[in-house]
Amino acid sequence: MTEQNKARYLFPSGYMADPSAHVFGDHLYIYPSHDRESGIPENDNGDHFDMRDYHVLRLDAPDQPEATDLGKILDVEDIPWAGRQLWDNDVVEYDGQYYLIYSLKDKNDTFHLGVAVAERPEGPFLPLPDPIRGSYSIDPCAFKDDDHEVYIYFGGLWGGQLQRYHDNRALEKAHLPEGSEPALPARVAKMDMATLQFAEEPRPVVITDDEGNPLRADDPHRFFEASWMHKRNGIYYFSYSTGDSHLLCYATSTSPYGPFRFRGELLQPVVGWTTHHSIVEWRGRWFLFHHDSVPSGGRTWLRSIKVAELVYEADGSLHLK
Ligand code: FUB
């Protein structure tokens with residue numbers, strides 16, 4: 001049986017991608033990107049990923065065959081600073097409120113991260129008038145640690161624009177590292193939940209080899225996009241997509257800031273260009289939510305959400321069941 005066969009599709013009647021899964025109360029909620037056919041030709045800038053709203057899906061039990069679509073929770077029309085392209089998002093619960101952190105291009109075609117707030121996990125989410133100050137690029141993961149501090153992991157290469165920034169400043173000319181140069185890292189910043197702004201300058205999420213050397217730009221395991229963070233037994237697991245080498249990988253640390261030691265591959269390339277995921281524990285089992293483009297016949301911008309089960313080994317390594 002291949003890894004693809006171990007997973008099941010959760011929303012066969014529509015195209016959704018980038019599933020961020022969370023357990024709130026008795027239910028598991030999935031916050032995906034909502035793919036659509038825009039007619040825009042495929043390019044490296046990702047213009048064909050022209051999504052305009054978000055829905056939330058719900059599972060009431062781990063083995064429920066399909067997720068329930070609870071409907072639209074945010075529309076690009078309702079976001080004052082919106083240009084185009086609602087990409088990956090994530091949701092964090094804090095003091096009984098729900099905060100959706102999302103990727104969107106502004107009116108100058110520059111990606112930033114926005115915040116929208118709801119009183120219930122099923123929304124509706126009310127967007128704040130402006131993006132998070134000092135935010136850039138895409139693919140936020142909002143992680144609440146055991147001490148209730150919230151960290152936002154983010155960043156994505158190519159169409160995700162991370163190569164346009166260095167030390168949190170926009171470059172005059174984008175620089176994409178090559179060969180033996182250190183790979184571009186994801187970023188992480190603690191969030192001030194009172195102001196809904198970054199509490200600090202974003203820091204690099206450095207992934208190293210076993211000798212502590214940062215992964216090189218030409219390493220097929222280097223970071224590309226789709227950050228996710230989960231914690232188990234005091235260890236922080238940073239997982240991510242490698243983009244053009246089409247893997248999901250993970251790395252571990254004893255600090256939410258890293259550095260993270262590369263540990264292994266979680267998922268082999270799927271049908272479709274992108275691979276993206278979330279990892280969550282529910283009722284004593286661990287799940288990998290991800291997507292592929294099999295149902296759309298390989299159209300990379302029309303993706304379908306899947307779930308597979310994960311297991312841990314005694315040494316803390318992680319793989320598909
Ligand atoms: O869904 C749009 C983009 O494709 C996401 O932001 C990336 O992670 C990739 O999945």
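For clarity, every value in this text was computed on a predicted model and none was experimentally measured. Order of listing sets the numbers, starting from 1, for every ligand and every atom in it. In what follows, every heavy atom counts, from backbone to side chain, and hydrogens, waters and symmetry copies are set aside.
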message = I need the full list of side chain to side chain donor-acceptor pair (under 3.5 Å) pairs touching residues 13-24, with sequence neighbours left out, sorted by first then second residue.
response =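 Listed by first then second residue: D18-S33, D18-H276, H22-D90.
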Contacts of P220 that satisfy side-chain contact (heavy atoms from CB on, under 4.5 Å) - sequence neighbours left out =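 If we apply the side-chain contact (heavy atoms from CB on, under 4.5 Å) test to P220, skipping adjacent residues, the hits are S245.
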task = Tell me, please, whether Y257 has R203 positioned over its six-membered ring: NZ or CZ under 6.0 Å from the ring centre and within 45 degrees of its axis?
result = yes
inquiry  = Tell me whether the NZ or CZ atom of R232 lies within the 45° cone about the ring axis of Y312 and under 6.0 Å from its centre.
reply    =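 Output yes; distance and angle both within limits.
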message = Could you work out, with side-chain hydrogen bond (donor to acceptor under 3.5 Å, both in side chains) as the rule, every residue matching H27, not counting sequence neighbours?
response =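 Applying side-chain hydrogen bond (donor to acceptor under 3.5 Å, both in side chains) to H27 gives D60.
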inquiry  = Please confirm whether the ring centroid of Y98 lies under 6.0 Å from the ring centroid of F24.
reply    = yes
query = How would you list, by chain and number, the residues with a heavy atom under 4.0 angstrom from ligand 1?
reply = D18, S33, M51, W87, D88, I138, D139, E225, T274, H276, H291, R303
